[in-house]
S.K.: 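Provided herewith is a single structure, encoded as structure tokens, for subsequent inquiry.
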Amino acid sequence: MVSQEMYELGSKRSVIREIFEFGKQRAAEIGAEHVFDFSLGNPSAPAPESVKEALLALLTQEDSVSVHSYTSAQGDVQVRQAIADYLNGLYGTNESADRLYMTVGAAASLSVSIKAVAGKGDEVIAIAPYFTEYKVFVESAGATLVVVPAKLDDFQIDFDALEERITERTRAILINSPSNPTGVVYSLETVKRLCALLQEKEQKFGHAIYLITDEPYREIVYDDVDVPYIPLSYANTIVCYSFSKSLSVPGERIGYVLVPTGVEEGEKVYAAICGAGRALGYVCAPSLFQKAIARCLGQTADLNVYKTNRDLLYEALQEYGYECVYPDGAFYLFVKALEEDANLFCARARELGLLFVPSDDFGCTGYVRISYCVPEDRIRRSLPAFKRLAEEYRAETNRV
Ligand code: PLP
């Protein structure tokens, strides 16, 4: 006998994986040059040289036993202190190692944070469209995911809708800016309004409502757009960070949770994070990579390649008549499907070799996510297919 819930979770492949697998199969059939896969969010920029240098130095100059040994469950104390020092320098805060918990990427940061603050009977809010795994993380903690649609004209928060859904049972709200799947960055105005609303609701209900900020794309923004650092505006923030995208090391599984000093009963919250890490088996994140990233703080892969891709694809799609909110960050375009059902639109695009993800699993219908963290050349070669797809739909509309 197995757990039915886990069986279902494990045997159903995510839509994104399905598309990725389809792309590989199609490439074998018709040649890779005719398949334009925009399904995955796997960084295409190489990791900076500093990652290689840090790894080589650790492997050749440090004691091999200590480099590979277990760290404490919450992570190596020197690594955590280095991260705290880095954040303090950047944001003028006063964090320390004992509020940082090293994890295997943002996925684990989110899982432990949600489990630490919410359980059976509790509600956690996500703004749709949202990262597909939020539902899994929230439900695995025994809590209920409450979905609040964003404003469709700019994908900022719809405050009327949000206010209605915050109840006595709300324990946390998950936000992700820059966003996967929309590429939208929350403006300072949105952040300030959100923080004011949550403060008001905390007072009304007499308990903390945690703002869990999912930040794997914090550095990936273009044109000097500012990403407000939420702990400066809201005390009960829990930061879930990952080095996967900024350093292009997604397979190495390294990130952290920060429980900032402002959090009410922060020591207790941090202890609950440690408890959740223990319960889920997320203890002692990979030792070598903990130490490597501590030597690369403040560095990123060359993010200009994503800006080039964004400009190229966004401008071309605008010209062909697609609708899409201008994305200030991350490496995704969220484009309105050219027919009501995004799944049918994707199936049609596939016939022209274009692979992208229908929005349904992001909690929002009628759109597709296009990941542009791909070689620039793939984008250039795919443009005639995008153009033809739009023309085909236009021709049909004109016939009706
Ligand atoms: N959150 C968002 C919004 C993401 O896009 C991703 C990965 O794509 C994650 C979390 C998980 O990140 P990681 O690979 O660091 O676990």
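Atoms within each ligand, like the ligands themselves, are counted from 1 in listed order.
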S.K.: Report the residues that fulfil ring-ring contact (aromatic ring centres under 6.0 Å, His included) with Y86, sequence neighbours left out, ordered by chain and then residue number.
M.R.: none
S.K.: More than 12 heavy atoms of other residues, nucleotides or ligands under 6.0 Å from CD of E21: is that the case?
M.R.: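 Count over threshold, so yes.
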S.K.: Under a heavy-atom criterion of less than 4.0 Å, does P216 contact ligand 1?
M.R.: yes
S.K.: Quick one: nearest non-hydrogen protein atom to atom 16 (O) of ligand 1, plus distance?
M.R.: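 Answer, as residue, atom name and distance: R253 NH2, 2.7 Å.
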S.K.: Using a 4.0 Å cut-off to any heavy atom of G105, which atoms of ligand 1 qualify?
M.R.: 15 (O), 16 (O)
S.K.: Has ligand 1 got any nitrogen or oxygen that is less than 3.5 angstrom from a nitrogen or oxygen of Y134?
M.R.: no
S.K.: What do you reckon, does N176 have a nitrogen or oxygen under 3.5 Å from a nitrogen or oxygen of ligand 1?
M.R.: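 No, since none of the N or O atoms of N176 sits under 3.5 Å from an N or O of ligand 1.
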S.K.: Is the closest N or O pair between P250 and ligand 1 shorter than 3.5 Å?
M.R.: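 Looking only at distances, the answer is no, because the N/O contact criterion of under 3.5 Å is not met.
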S.K.: Regarding T213 and E215, is there a side-chain donor-to-acceptor distance under 3.5 Å anywhere?
M.R.: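 Short answer, yes.
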S.K.: Number the atoms of ligand 1 from 1 as they appear, then name those within less than 4.0 Å of a heavy atom of N180, with their elements.
M.R.: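 Ligand 1 atoms under the 4.0 Å threshold to N180: 3 (C), 4 (C), 5 (O).
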S.K.: Which residue and non-hydrogen atom of the protein lie closest to atom 8 (O) of ligand 1, and at what distance in Å?
M.R.: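 Answer, as residue, atom name and distance: K245 NZ, 2.8 Å.
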S.K.: Could you tell me which atoms of ligand 1, counted from 1 in the order shown, lie closer than 4.0 angstrom to a heavy atom of Y217?
M.R.: 3 (C), 4 (C), 5 (O), 8 (O)
S.K.: What pairs of donor and acceptor atoms, side-chain ones from residues 105-129 against any protein atom, are under 3.5 angstrom apart with sequence neighbours left out?
M.R.:
from, atom 1, to, atom 2, distance (Å)
S109, OG, T103, OG1, 2.8
S109, OG, G105, O, 3.1
S109, OG, Y256, O, 3.3
S111, OG, A107, O, 3.0
S113, OG, S109, O, 2.7
D122, OD2, G119, N, 2.8
E123, OE1, T167, OG1, 3.0
E123, OE2, R169, NH2, 3.2

S.K.: Give me the nearest non-hydrogen protein atom to atom 6 (C) of ligand 1 as residue plus atom name, then the distance to 0.1 Å.
M.R.: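 Scanning the protein heavy atoms, the shortest distance from atom 6 (C) of ligand 1 goes to F131 CZ, 3.4 Å.
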S.K.: Measure A106 to ligand 1 on non-hydrogen atoms and call it side chain, backbone, both or neither using the 4.0 Å cut-off.
M.R.: both
S.K.: Tell me if the OH atom of Y91 is crowded by more than 12 foreign heavy atoms within 6.0 Å.
M.R.: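 Enclosed.
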S.K.: Is D76 salt-bridged to R80, going by a charged N under 4.0 Å from an acidic O?
M.R.: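 Salt bridge between D76 and R80, a charged N being under 4.0 Å from a carboxylate O: no.
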S.K.: Flag the pair R26 and D37 as a salt bridge only when some basic side-chain nitrogen lies within less than 4.0 angstrom of an acidic carboxylate oxygen.
M.R.: no
S.K.: Between R295 and E62, is there a salt bridge with N-O shorter than 4.0 Å?
M.R.: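 R295 and E62: salt-bridged.
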S.K.: Please determine whether any non-hydrogen atom of E133 lies less than 4.0 Å from an atom of ligand 1.
M.R.: no
S.K.: Does the cation-pi check pass for R350 over F22, that is, NZ or CZ under 6.0 Å from the six-membered ring centre and within 45° of its axis?
M.R.: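 Checked: cation-pi criterion met.
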S.K.: What distance do K336 atom NZ and Y322 atom OH have between them, rounded to the nearest 0.5 Å?
M.R.: 14.0 Å
S.K.: One residue to check: F243. Relative to ligand 1, which of side chain, backbone, both or neither has a non-hydrogen atom less than 4.0 Å away?
M.R.: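 No part of F243 comes within reach of ligand 1.
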S.K.: What is the nearest protein non-hydrogen atom to atom 3 (C) of ligand 1, stated with its residue, atom name and distance?
M.R.: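 Protein heavy atom at minimum distance: D214 OD2, 3.2 Å.
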S.K.: For ligand 1, which is the ligand I care about here, please tell me if S244 has any N or O atom under 3.5 Å from one of the ligand's N or O atoms.
M.R.: yes
